[in-house]
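The block underneath contains the structure these notes are about, expressed in structure tokens.
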Number of protein chains: 2
Amino acid sequence: MGEPCYDSLLLENQLCFPLYACSREIIRRYKPLLDAIDLTYTQYIAMLVLWERQSVTVKELGCCLFLDSGTLTPLLKKLEAKGLITRRRSEADERSLIVALTQRGQSLREQAAQLPEQMCQCVGLDAEEKQQLSRILRKMMEQMQR
Amino acid sequence: MGEPCYDSLLLENQLCFPLYACSREIIRRYKPLLDAIDLTYTQYIAMLVLWERQSVTVKELGCCLFLDSGTLTPLLKKLEAKGLITRRRSEADERSLIVALTQRGQSLREQAAQLPEQMCQCVGLDAEEKQQLSRILRKMMEQMQR
DNA sequence: CTATAATCAGTTGCACACAATCAAATTTTG
DNA sequence: CAAAATTTGATTGTGTGCAACTGATTATAG
């Protein structure tokens with residue numbers, strides 16, 4: 001009756017930890033770039049959705065970003081305070097709150113446009129690796145959505 | 001002089017976002033399992049290091065987990081309050097604080113041992129994909145450490 | 001040996017994340 | 001139509017993350 005094997009508990013053998021560490025590290029790298037346009041990372045990905053769709057409900061935004069209203073509500077109020085978005089109830093369904101870009105929010109897109117390329121440089125992956133990573137992460141998300 | 005191209009700003013073309021979303025989703029999946037042993041995810045990865053090393057300084061722990069003292073100090077105080085670890089200053093260097101497992105912290109390892117396998121099932125990747133993912137994330141972290 | 005620099009944990013303040021709960025509006029059902 | 005269930009965003013409380021700063025201790029340069 002020897003010592004049981006704890007290899008699966010080695011930090012090195014974890015799958016989640018490098019994901020978690022990598023994600024935080026990239027966000028840390030984003031910070032100085034995002035500071036320049038006065039956005040946090042979470043605000044930035046919310047703006048990404050708005051730049052694509054012009055206007056979305058909080059619900060839809062939450063689905064896109066996998067975030068709930070407890071995170072989004074205060075964040076959207078800050079974006080509104082900065083004059084980047086507007087928030088108003090839907091006339092069709094008063095429960096829904098429609099978030100839309102202002103002119104100022106719209107024009108911020110131009111300043112954000114160089115950001116992705118600057119970020120790509122520092123991760124140091126080649127095109128194939130990026131492809132693989134993207135595919136695997138997509139598969140994981142699909143598996144976990146059930 | 002047409003509309004400039006904003007493809008790089010599409011949420012779908014982001015590399016960081018799926019990493020960030022995936023990481024949070026896995027941690028969400030961990031939660032019910034970790035609740036059973038009364039640990040949060042961050043507390044869990046701190047315990048992983050302690051189960052490997054028996055005792056570490058806060059500084060070393062921070063290096064392992066890429067977390068700073070602002071995150072670790074309150075977290076370690078909670079683990080201490082639960083009776084899983086002890087915290088004492090190093091005699092050799094009074095600036096360093098040594099974190100060590102208690103008997104109770106040690107024995108929690110047995111209950112944690114089934115956790116990784118349960119998690120592996122729900123991510124739904126095959127062995128090769130896990131390998132690839134692991135390799136790519138390690139490479140990214142190395143690139144970014146400079 | 002002493003003034004200066006570096007190291008380390010702790011504290012503070014801000015910004016998420018998210019579970020749990022709530023309240024208002026809408027949809028479904030009998 | 002009216003009661004019940006569902007949907008939706010807001011609120012509250014807990015737990016991170018992290019930058020900036022503090023204070024104590026140790027290392028180092030002159």
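Chain naming here is simple, since letters A, B, ... match the order of the sequence lines and numbering starts at 1 in each.
Contact annotation for A:I27: no contact, since no heavy-atom pair falls under 4.0 Å across all strands.
Annotation for B:C22 and A:M140: closest pair SG-CB, 3.8 Å, computed over non-hydrogen atoms. Listed here is the closest heavy atom pair of B:E52 and A:L11: OE2-N, 2.7 Å.
Between B:F17 and A:F66, the ring planes are parallel. Angles under 30° get that label, and only those over 60° would be called perpendicular. Using the six-membered ring where Trp is involved, A:Y41 and B:Y20 have ring planes that are perpendicular, over 60° apart on the 30 and 60° scheme.
Straight-line distance from the OH atom of B:Y20 to the P atom of C:dC16: 8 Å, rounded to whole Å. Going from atom CD of A:E80 over to atom P of D:dG9 covers 15 Å, rounded to whole Å. Rounded to whole angstrom, the span from the CD atom of A:E94 across to the P atom of C:dT27 amounts to 12 Å. Atom CZ of A:R95 is separated from atom P of C:dA25 by 11 Å (rounded to the nearest Å). Atom pair A:Y41:OH and D:dC18:C1' shows a separation of 17 Å (rounding to whole Å applied). Between B:D35 atom CG and C:dA20 atom C1' the separation is 13 Å, expressed in whole Å. Atom pair A:E91:CD and C:dT26:P shows a separation of 12 Å (rounding to whole Å applied). The CZ atom of B:R24 sits 11 Å away from the P atom of C:dA19 (whole-angstrom rounding).
The phosphate of C:dA9 has neither OP1 nor OP2 within less than 4.0 Å of any side-chain N or O from B:R89. In terms of phosphate contacts, B:S96 brings no side-chain nitrogen or oxygen within less than 4.0 Å of OP1 or OP2 of C:dT7. Between A:R28 and D:dG17 there is no side-chain polar atom (N or O) within less than 4.0 angstrom of OP1 or OP2.
Judged by distance alone, with hydrogens and angles left aside, the side-chain atoms of B:T57 form no donor-acceptor pair with the main-chain N or O of B:I98 at under 3.5 Å.
For the segment residues 49-66 of chain B, the set of residues with a heavy atom within less than 4.0 Å of an atom of DNA chain C comprises B:T57, B:V58, B:K59, in numerical order. Contact check of residues 68-78 of chain A against DNA chain C (heavy atom, cut-off under 4.0 Å) returns A:D68, A:G70, A:T71, A:L75, A:K78.
Salt bridge annotation for B:E80-B:K77: absent, with no cationic side-chain nitrogen under 4.0 angstrom from a carboxylate oxygen. Between A:E142 and A:K139 no salt bridge is recorded (no basic side-chain N to carboxylate O distance below 4.0 Å).
Comparing C:dA17, D:dA10, C:dA15 against the side chain of A:R87 picks out D:dA10 as the nearest.
For the pairing with A:L61, the side-chain contact (heavy atoms from CB on, under 4.5 Å) check across A:L97, A:L76, A:I45 returns one residue only, A:L76.
Map A:K31 and A:L97 each onto its nearest nucleotide of DNA chain D; the residue landing nearer the 5' end is A:L97.
Looking at heavy atoms from C-beta onward, B:L65 lies out of side-chain contact with B:L48 at the 4.5 angstrom threshold.
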